[in-house]
Chemist: 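The structure that follows is given in the form of C-alpha cells.
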Amino acid sequence: MIYVTSDLHGYPLEKFQALLKKANFSQRDYCFVLGDVIDRGPDGVKLLLWLMMQPNISLILGNHEAMLLSCSFIFDLARGNSMDDLSQEDTALLHTWLRNGGGPTLEALGDCDQDTILMIEDYLRDAPLYDMVKAGGRTFLLVHGGLKNFDPLRDLDDYSLHDLLWTRPELSDTYFQTITTILGHTPTHYYGPQYTGKALVTPTWINIDTGAASGQAPMLLRLNDLQEFYAD
Ligand SMILES: [Mn+2]
C-alpha cells in the first residue's frame, strides 16, 4: 500500500509514529511525505533525522525545506569553512526563512554535529520537486503546493520551484483529468471552516495539509483505496 502525508511542520515524532501505526503502516508499505517537515513546530529536525533512516519513506521537497537549502551558508559553516559576516543576500534569505517559522529548525540544527547537518543537506538536496506513483489502478502526481498556471500540455519539468512549492490552488482550479494530484502547503481550513483538520477532495486534486502548523494534526491518505487516517 502507498500512503501520503504532508506539512508535518515539527509535529511530535512520537505522535506521527502513532498515526502510522493506526493506519497499519508496515515495512511492506511505502509513504511519501509531501514536504514541509520542518519549521513552526519544535520536532522538525528530529522528524527529518527519523525519516531519512526509513527505507520505505520518501520526502518530496516543500517550500520550507527549500528555504533552509537557500541558506547555504549554514552548510558551508558545517563544512568547516570560516566565513566573514553574512552578505546582504544571505541575510535576506535568512530573514525570509525566520519570518516563515524557521526559528525552531535553526535552533535544533545548532544542537547537531557537523556531520549530521551535512547529512540533512544531502537528504534535502536529493528530495524531488514532484513524483508520480500508481496505486489502486490510478495514477497520482505528488507535489507540495500545486501547479501554477496549469497547462495539461506543459512538461512538469518546465514548472519552476516557485510554481510547484508556493502555489495555493483555488477551489475552482482543475489539473490533470486522468491523474489525481495530491498536494499540501495550504491548510485545508484556509478554504473554509468546514474543512478544518480534514482532507479537501476536489475532482482533480486532493489537499492533505490538515494544519499541523496551526495546532491541528497531520493525516495519512492511503492511495490504493483513498482511505483517510486521522490522529487520535
Ligand atoms: Mn508549504
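Positions are given from 1 along the sequence. When a ligand or atom number is given, it counts from 1 through the structure's own listing order. The figures here come from the full heavy-atom set of this structure, side chains too, leaving out hydrogens, waters and symmetry mates. Bear in mind that the values here come from a model prediction, so they are computed numbers and not experimental data.
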Chemist: So which N/O/S atom does H185 have closest to the Mn ion (ligand 1)?
Modeler: ND1
Chemist: Go through the steps for Y11 and F16 under the test ring-ring contact (aromatic ring centres under 6.0 Å, His included), then give the verdict.
Modeler: CA-CA 7 Å; Y11 186 71; F16 178 61; 7.3 Å; no
Chemist: Could you tell me whether the Mn ion (ligand 1) has an N, O or S atom of N63 under 2.8 Å away?
Modeler: yes
Chemist: In D36, what N, O or S atom is nearest to the Mn ion (ligand 1), if we give its atom name?
Modeler: OD2
Chemist: Once you round to the nearest 0.5 Å, how far does CD1 of I57 lie from CG of L20?
Modeler: 5.5 Å
Chemist: Report whether any nitrogen, oxygen or sulfur of H144 sits less than 2.8 Å from the Mn ion (ligand 1) (N, O or S, backbone or side chain).
Modeler: yes
Chemist: Hey, could you give me the CG/CH2 distance between L161 and W166, rounded to the nearest 0.5 Å?
Modeler: 9.5 Å
Chemist: Would R222 and F229 count as a cation-pi pair here, with the cationic atom under 6.0 angstrom from the ring centre and within 45° of the axis?
Modeler: no
